[in-house]
Visitor: 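This is the structure, below, for whatever I ask next.
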Protein chains: 2
Amino acid sequence: MTQPATTASLTGDELETWAGLATVLEWLPAALDAPLERDFGLTHFEYGILYALANAPDHALRMTVLAGYANSSLSRLSRAATRLEARALLERSRDPDDGRSTRAALTAAGLEAYAAATPGHVATVTRLVLDPLTAAQKRQLREITRRLQGAIRTDGAWQPPPSPVREA
Amino acid sequence: MTQPATTASLTGDELETWAGLATVLEWLPAALDAPLERDFGLTHFEYGILYALANAPDHALRMTVLAGYANSSLSRLSRAATRLEARALLERSRDPDDGRSTRAALTAAGLEAYAAATPGHVATVTRLVLDPLTAAQKRQLREITRRLQGAIRTDGAWQPPPSPVREA
DNA sequence: CACCATAACTTGCTCAATCAAGTAAATCTG
DNA sequence: CAGATTTACTTGATTGAGCAAGTTATGGTG
């Protein structure tokens, strides 16, 4: 592939750096999600919901709070909650303290599904991300992702949520 | 958030490493794509198609080859080509050498759209990924992504395509 | 050269994500 | 304390992605 002379483009090490990250960005999420989907019929997003609820007091959270934890719009969460409710993994009820709020709570089956899916997911993360790196590289990666997050956060309209709770 | 004693989970540095990467995995793609979408009405995927074609001989490629470059299923590419064709950025025609193949070619308008979108996209990549890192960190990141790609590639069913051409 | 398998798409169906509009319950304001 | 605003969702409509089935063209076999 030749570069057209008319357009700016990256070269050399910078191109290689970007290409490497771009490839990971494209393939890692799919590789992480596939076992979850295959073995438990859960998308990564749905697993994130179960994770947040499983680790919350009484295994319940208000929808808005849950949306923040899951990096989700309320609309998307609402749809996902409908799906999980249809599978009896989750229940919604009006919050007695504030009638505007909805309380989403894990059912016993939901907690069970979370407990069943978690070891495999942790194993996948370990296998694909942690084991391939040396201790020094993990340290480097922490600093690198910290910097990238900083750049994203200060980039105009992009405001990650206050506490991006991540699963596993 | 307390950890339930019943499930395996990551802790300490390992958790932090994973959480940092997961956050980047979640926010960086959106941050990279947003300006492209906003300013040119192009998804990252569509831009990738334009990039691959713009850099191909005669600005044309067979659909199957293009799907490989864009890391896409043929079905997804076909839909995207329909959309781009409707905007007159791309044309499809039967390949005279092999009647089974379809040749996708950039129109003049398509090449123009690619040229218009590229500088901004390169700037976004530079601002969000390259500028925040030191030269040493870029080097570290290249090696880290190399290792992660290796882990993904050897992970059971996950076979990235032979030559994952990345834009910019 | 007829037949069958394969390759290269295309298309219909379904699911999930977003956006915008709607509803209901606080909360603020004059 | 009545009316307006805000908050917290929910839902209808549109759009993109994947899967599976369909179509057309090639290539191999006896």
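Chain letters run A, B, ... following the sequence lines, proteins first and then strands; every chain starts at 1.
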Visitor: Which of residues 83-97 of chain A sit near DNA chain C, with a heavy atom under 4.0 Å from it?
Guide: A:R83, A:R94
Visitor: Please report, rounded to the nearest Å, how far the P atom of D:dA17 is from the CG atom of B:L74.
Guide: 14 Å
Visitor: For A:S72 and for B:S101, locate the closest nucleotide of DNA chain C by heavy-atom distance; then report the residue assigned to the nucleotide nearer the 5' terminus.
Guide: B:S101
Visitor: Give the intermediate values and the outcome of side-chain hydrogen bond (donor to acceptor under 3.5 Å, both in side chains) for residues B:T102 and B:R92.
Guide: CA-CA 6 Å; B:T102 302; B:R92 277 178 290 187; over 6 Å; no
Visitor: Is the distance from OP1 or OP2 of D:dT26 to the nearest side-chain N or O of B:R100 less than 4.0 Å?
Guide: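 Indeed not, no polar side-chain atom of B:R100 lies that close.
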Visitor: Send over the distance from A:D98 CG to D:dA8 C1', rounded to a whole Å.
Guide: 8 Å
Visitor: What nucleic acid atoms does A:T64 come within less than 4.0 Å of, heavy atoms only: base, sugar-phosphate, or nothing?
Guide: sugar-phosphate
Visitor: Under 4.0 Å, counting only non-hydrogen atoms across every strand here, what does B:S73 touch: a base, just sugar-phosphate, or nothing?
Guide: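 Since only primed, P, OP1 and OP2 atoms lie under 4.0 Å of B:S73, the category is sugar-phosphate.
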Visitor: Can you confirm whether B:E91 is buried at CD, in the sense that more than 12 heavy atoms of other residues, nucleotides or ligands lie under 6.0 Å from that atom?
Guide: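 Count not over threshold, so no.
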Visitor: How close or far is atom P of D:dT15 from atom CD of B:E46, stated in whole angstroms?
Guide: 13 Å
Visitor: Take the protein atom CZ of A:F45 and the nucleotide atom P of C:dT18, then report the distance between them rounded to whole Å.
Guide: 8 Å
Visitor: Working to the nearest 0.5 Å, report the span between OG1 of A:T23 and CD of A:E26.
Guide: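 Spacing of OG1 (A:T23) from CD (A:E26) equals 7.5 Å.
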Visitor: Can you classify the ring geometry of B:W18 versus A:H121 as parallel (below 30°), tilted (30 to 60°) or perpendicular (above 60°)?
Guide: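 Perpendicular, since the angle between the ring planes exceeds 60°.
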Visitor: Dump the intermediate steps for side chain to side chain contact (heavy atoms under 4.5 Å, CB included) on B:K138 and B:L141, then the final yes or no.
Guide: CA-CA 5 Å; B:K138 285 177 215 171; B:L141 183 56; 5.6 Å; no
Visitor: Looking only at the side chains, is there a donor atom on one of A:T118 and A:Y47 sitting less than 3.5 Å from an acceptor on the other?
Guide: yes
Visitor: Rounded to whole Å, how long is the line connecting atom CZ of A:R76 with atom C1' of C:dA20?
Guide: 18 Å
Visitor: Measure from CE on A:M63 to C1' on D:dT11 and round the result to the nearest Å.
Guide: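 Answer to the nearest Å: 13 Å.
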Visitor: Quick check on DNA chain C: between A:T43 and B:V65, whose nearest nucleotide comes earlier from the 5' end?
Guide: B:V65
Visitor: Whole angstroms only, please: what is the CG-C1' distance between A:L66 and D:dC9?
Guide: 13 Å
Visitor: Touch check for B:S75, heavy atoms < 4.0 angstrom, all strands: base, sugar-phosphate only, or nothing?
Guide: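 Counting heavy atoms under 4.0 Å across all strands, the contact made by B:S75 includes a base.
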Visitor: Does A:T102 have a side-chain nitrogen or oxygen under 4.0 Å from the phosphate oxygens OP1 or OP2 of D:dA8?
Guide: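 So the side chain of A:T102 is outside the cut-off, no N or O lying under 4.0 Å from OP1 or OP2 of D:dA8.
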Visitor: For B:E112, look at atom CD and say whether over 12 heavy atoms of other residues, nucleotides or ligands are found less than 6.0 Å away.
Guide: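 Not more than 12 within 6.0 Å, no.
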Visitor: Taking CG from B:L42 and P from D:dG16, how many angstroms apart are they, rounded to a whole number?
Guide: 12 Å
